[in-house]
Amino acid sequence: MKKLNNIKIAFVDIDGTLTNSKKEITTDTIKAITKLKKKGTYIVLCSGRTNSYVCKMSKLANASSYVIACNGAEIYDYETSKDIFSNLLRKDDIKKLWEYCNRNDMQCHINTQDKRYTNKEDKDKVKIKSIDEIIDRNIYQIVAGHKNINIMKEMEKHISNSPTLKVANASSIYINKIKGGNGYFFDITNKDVSKGNAIRELLNYLNISKEDAIGFGDHINDYDLFNEVGFKVAMGNAKEKLKEKADYVTLTNDENGVADFINKYLLEDIN
């Protein structure tokens, strides 16, 4: 394959793509991203994770200051502390989800821009007794979890009947586990939230065409990411459905797949 000389922006998923199975960004990956940024290409991290986490990982990777967080509910520029785009959950929906989780003894983690709140003890989150304590804050996403998969399936069915909400990130058998491996989780956002919609917003903001954008991903929630870029790269560890949609399948995340592609096809010989 020839080098892609037109690429002006790269959208990179974090878990299973940028990071290896130990949740690390390798030195080789950081070097490749640094060279690509030096060339003048934006490197934008896209994730279902919170804004604060994505910003932290972007800085570690030496990527660009634009980030897409909460499955596309937020675009943020941490260099200027500016919100480029927000798709906030409605107060009525937040209250209903909070009540549903408490009624069914489920974990309910609430993602704002800088903090995570919860209804149960968790050292990484702020426990609250009532949703009214934070209802006036900007809330982008709610993460629901439980150790019983049948309770999760019941909630998924409940959300599927909502005119405004959707499960944004979960496999059909909930392979992803909440911290400690003691249960299952999924992310809940507004129905029109996706990485793809956020990418379209950022491309318009930066006046970059879809044809000049490339995307890297591994999971089903990266399917929408692929819809909005001109060239699609699936990781070697990606879901088969995503590989089928990709223009190229690179090495796995444990083999520096992102760095390998960047070095081979996006860079000239830059020292």
Side-chain angles (χ1 to χ4, degrees), residues 1-49 53-54 57-64 66-69 71-72 169 171 175-176 194-196 198-199 202-203 208-271:
M1 191 178 83
K2 294 181 179 179
K3 287 186 181 290
L4 302 172
N5 296 318
N6 64 309
I7 299 301
K8 295 179 181 177
I9 189 165
F11 295 97
V12 186
D13 172 55
I14 297 179
D15 296 303
T17 302
L18 178 74
T19 58
N20 60 23
S21 56
K22 294 179 181 179
K23 305 297 182 185
E24 301 167 334
I25 307 173
T26 66
T27 301
D28 286 344
T29 300
I30 294 171
K31 286 180 179 178
I33 287 173
T34 300
K35 287 182 179 180
L36 188 59
K37 190 167 75 167
K38 182 180 178 182
K39 183 183 174 182
T41 305
Y42 293 104
I43 302 96
V44 179
L45 301 196
C46 310
S47 177
R49 302 268 203 153
Y53 179 84
V54 183
M57 297 303 282
S58 180
K59 292 171 185 177
L60 285 173
N62 198 27
S64 303
Y66 298 109
V67 297
I68 293 175
N71 290 295
N169 184 21
S171 66
I175 292 171
N176 296 315
S194 72
K195 289 183 180 180
I199 285 170
L202 186 56
L203 289 176
I208 296 174
S209 70
K210 174 180 178 177
E211 290 69 31
D212 294 336
I214 190 170
F216 297 81
D218 75 304
H219 211 306
I220 299 304
N221 68 335
D222 295 317
Y223 203 87
D224 287 328
L225 183 161
F226 277 12
N227 284 336
E228 300 303 327
V229 296
F231 197 90
K232 305 168 282 293
V233 181
M235 304 302 292
N237 52 288
K239 300 295 182 184
E240 287 304 317
K241 184 178 179 182
L242 199 69
K243 288 181 179 178
E244 291 171 5
K245 190 175 179 64
D247 298 303
Y248 186 94
V249 178
T250 188
L251 301 177
T252 71
N253 63 322
D254 285 325
E255 298 170 310
N256 293 315
V258 170
D260 185 74
F261 186 91
I262 289 174
N263 288 326
K264 285 180 178 176
Y265 303 114
L266 298 182
L267 294 175
E268 301 298 335
D269 296 326
I270 300 175
N271 296 320

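This chain uses plain numbering: 1 for the first residue, then up along the sequence.
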- prompt: Does the N237 side chain pair with the main chain of G16, one donor and one acceptor, at a distance under 3.5 Å?
  reply: yes

message: Surrounding NZ of K31 (heavy atoms of other residues, nucleotides or ligands, distance under 6.0 Å), is the total greater than 12?
response: no

query: Is any side-chain heavy atom of L267 closer than 4.5 Å to a side-chain heavy atom of I262?
result: yes

- request: Scan L4, V229, V12 and name whichever one has a side-chain contact (heavy atoms from CB on, under 4.5 Å) with I214.
  value: L4

task: Could you name each residue pair satisfying ring-ring contact (aromatic ring centres under 6.0 Å, His included) that touches residues 15-47, not counting sequence neighbours?
output: Y42-Y66

message: Would you say that M57 contacts T19 through its side chain, given a criterion of any heavy-atom pair below 4.5 Å between the two side chains?
response: yes

message: I'd like to know if D222 and K232 make a salt bridge, using a cut-off of under 4.0 Å between side-chain N and carboxylate O.
response: no

query: Sub-3.5 Å donor-acceptor pair from the side chain of S58 to the main-chain atoms of V54, do we have one?
result: no

- prompt: Hey, are the side chains of N20 and D254 touching, using non-hydrogen atoms and a 4.5 Å cut-off?
  reply: yes

query: Among all residues two or more places apart in sequence or in another chain, which pass the side chain to side chain contact (heavy atoms under 4.5 Å, CB included) test with T29?
result: L18, I25, T26, I33, N256, A259

field: Y248 and Y265 aromatic centres sub-6.0 Å
entry: yes

message: How about NZ on K8, more than 12 heavy atoms from neighbouring residues, nucleotides or ligands closer than 6.0 Å, or not?
response: no

message: Going by ring-ring contact (aromatic ring centres under 6.0 Å, His included), name the pairs with one or both residues in residues 5-24, residues two or more places apart or in two chains.
response: none

- line: With K195 as partner, the option from D13, N227, N71 fulfilling side chain to side chain donor-acceptor pair (under 3.5 Å) is D13

- prompt: With a 4.0 Å cut-off, would you call K241 and E244 a salt bridge?
  reply: no

- prompt: Are any non-hydrogen side-chain atoms of F216 and N253 less than 4.5 angstrom apart?
  reply: no

message: With heavy-atom distances below 4.5 Å as the criterion, would you say the side chains of I9 and D212 are in contact?
response: no

